[in-house]
Amino acid sequence: MPLASITHSITSAVGDHGLYAVFVLMLIDALFPTASELVMIYGGALAAGAVGSGHVVLFGRQIDSAFWGFVAVSVAGTIGYLIGSLVGWAIGAYGGRPLLERHGRWFHLTPDRFDRAEAWFDRRGDWAVFLGRVTPVVRSFISIPAGVFRSPLGRYTVLTLVGSAIWCFAWAGLGWGVGTGYRRVHEDFRWVDYAVVAVVALAAAWLLFHLLWGRPARRADDSAR
């Protein structure tokens with residue numbers, strides 16, 4: 001099963017490379033979905049010493065405290081995601097709409113998705129950034145549109161930092177809390193694959209609904225104007 005392979009690849013990366021894998025995967029997640037929930041849960045379990053003989057290592061030094069290991073994993077995820085988000089903002093700000101019109105598919109930002117992102121920002125203003133950071137799936141498609149719409153960089157950075165910290169500390173806390181019982185959880189981790197499928201199916205249904213019923217309503221509004 002492809003999703004099982006992805007799950008194994010992510011958990012193996014975090015288990016083998018610890019903080020560095022968490023940092024890089026969360027940086028990527030700001031632009032492309034990388035199952036950040038799984039990354040942080042597994043990182044939290046690693047901090048608890050529940051992943052084989054693995055330990056959290058920072059600059060060659062092992063962090064012996066489970067709590068501070070959890071903090072280190074959470075901070076690595078938060079900073080990685082923040083940096084990725086700033087890269088995405090810069091891509092959007094300097095590339096603008098022409099870049100997305102030509103190469104939007106590279107970032108999984110089709111014209112329809114971009115239109116929905118624009119509507120998201122129009123309705124929620126700057127808070128669209130914060131809400132996007134704590135919303136599954138959406139959180140990977142906020143950075144570039146925020147740059148295109150010139151979301152003020154200062155507020156964008158603060159809202160991203162806060163939202164990312166909440167996300168990372170919460171999911172890593174779940175993994176850390178499970179602690180030594182994580183081996184059994186890992187053996188039964190197939191539910192993650194099914195959860196991902198369910199999320200994708202719900203997202204597809206939501207997009208289909210807006211595609212079929214959203215456009216006529218929009219056209220009616222335009223005609224009324």
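This chain uses plain numbering: 1 for the first residue, then up along the sequence.
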Donor-acceptor contact present, side-chain Arg133 to main-chain Thr160, <3.5 Å: no
Rounded distance [0.5 Å steps], CD1 in Ile91 versus CG in Leu86: 11.0 Å
Under 3.5 Å: donor-acceptor pair, side chain of Thr157, backbone of Leu153: yes
Considering all heavy atoms, the nearest Gly84-Ala30 contact: C-CB, 3.4 Å
Result of checking Trp171, Phe70, Trp68, Phe169 against Trp176 for ring-ring contact (aromatic ring centres under 6.0 Å, His included): Phe70
For Tyr156 against Ser151, the heavy-atom pair lying closest together: CB-OG, 3.9 Å
Spacing of OG belonging to Ser164 relative to CG belonging to Leu159, to within rounding of 0.5 Å: 12.0 Å
Rounded distance (nearest 0.5 Å) linking atom CZ of Phe130 with atom OG1 of Thr135: 9.0 Å
Test item: Trp89 and Ser85 side chains (from C-beta on) under 4.5 Å apart, heavy atoms: no
For Ala21 against Ala13, the heavy-atom pair lying closest together: CB-O, 3.3 Å
Sub-4.5 Å side-chain heavy-atom contact between Arg61 and Ile63: no
Straight-line distance of Leu174 CG to Ile41 CD1, nearest 0.5 Å: 4.5 Å
Heavy-atom closest pair, residues Ser74 and Met40: CA-CE, 3.9 Å
From Ile166 atom CD1 to Leu161 atom CG, the distance as rounded to the nearest 0.5 Å: 10.0 Å
Heavy-atom closest pair, residues Ile142 and Gly132: CG1-CA, 4.0 Å
Reported CD1-to-CG distance for the pair Ile83 and Leu27, which is rounded to 0.5 angstrom: 6.0 Å
Which atom of Leu46 lies closest to which atom of Gly18, heavy atoms considered: CD2-CA, 3.7 Å
cation_pi(Arg139, Tyr81) dist<6.0 Å, angle<=45: yes
